[in-house]
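The block underneath contains the structure these notes are about, expressed in structure tokens.
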Amino acid sequence: MRIEQEFFDAYMAIHRPYINRANSILSAYDLYSSQWLILKDIAKNGRTTSVDVSRRRGIEKPTATKVIKHLLELELIESTPGEDRRIKYLTMTGKGKHLFDEVSDKMNHMQREMLKDFEIEEIEELITSLRRMNI
């Protein structure tokens with residue numbers, strides 16, 4: 001087997017189990033990993049638009065819109081019109097910030113547990129290597 005195939009096989013072998021673990025935590029909050037990643041994006045970037053979220057996350061705007069609608073329904077984010085009525089700004093609500101902090105703690109614990117057998121330098125090297133792929 002070629003090394004490229006081995007790399008992607010190894011990546012795929014950890015991707016789905018990771019998503020499943022994340023979803024087991026998130027489901028208690030009526031969230032899935034795709035919704036969590038958008039909530040996390042809004043928490044990190046502050047006031048933003050759905051176009052900016054979809055661009056940063058690398059997802060299609062209709063997909064982002066569907067996820068954002070769910071987050072609005074859960075009252076985790078709010079939408080306010082900009083000066084140009086075509087633009088709506090998304091921000092976290094107080095409820096969203098509280099939930100984000102609570103879930104972040106649980107997600108961080110799960111991630112630490114998954115990486116417990118790695119040295120910091122190994123993790124840093126993996127991060128650097130993955131970012132170099134630039135997909």
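Values below: every heavy atom of this structure, side chains too, minus hydrogens, waters and symmetry copies.
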[X] versus [Y], closest heavy-atom pair with distance:
X   : Y    : result
S79 : L90  : CB-CD2, 4.0 Å
L71 : Q35  : CD1-O, 4.0 Å
Y18 : Q111 : OH-NE2, 2.7 Å
R47 : Y89  : NH2-CE1, 2.8 Å
L39 : M92  : CD1-SD, 3.4 Å
W36 : L26  : CB-CD1, 3.6 Å

Report, as yes or no, whether the 6.0 Å neighbourhood of atom [atom1] on [X] holds more than 12 heavy atoms from other residues, nucleotides or ligands.
X    : atom1 : value
R21  : CZ    : no
E125 : CD    : no
Y32  : OH    : no
E119 : CD    : no
Y11  : OH    : no
E60  : CD    : no
I120 : CD1   : no
K97  : NZ    : no

Looking at side-chain heavy atoms only, is the closest gap between [X] and [Y] below 4.5 Å?
X    : Y    : result
F118 : L126 : yes
H109 : R112 : yes
M110 : I25  : yes
V103 : K106 : no
K95  : L99  : no

Spacing of [atom1] belonging to [X] relative to [atom2] belonging to [Y], to within rounding of 0.5 Å:
X   : Y    : atom1 : atom2 : answer
T80 : I87  : OG1   : CD1   : 11.5 Å
K40 : R57  : NZ    : CZ    : 8.0 Å
S33 : M107 : OG    : CE    : 8.0 Å

Next on the checklist: Evaluate S50 against K88 for side-chain hydrogen bond (donor to acceptor under 3.5 Å, both in side chains), listing each step before the verdict.
Outcome noted: CA-CA 8 Å; S50 61; K88 292 186 178 168; over 6 Å; no

Checklist entry - Would T48 and R56 count as having a side-chain donor-acceptor pair, cut-off 3.5 Å? => result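 Judged by distance alone, the side chains do pair up.
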
Next on the checklist: One thing to verify: whether K44 and D41 come together as a salt bridge, which I'm taking to mean a side-chain N less than 4.0 angstrom from a carboxylate O.
Outcome noted: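 K44 and D41: not salt-bridged.
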
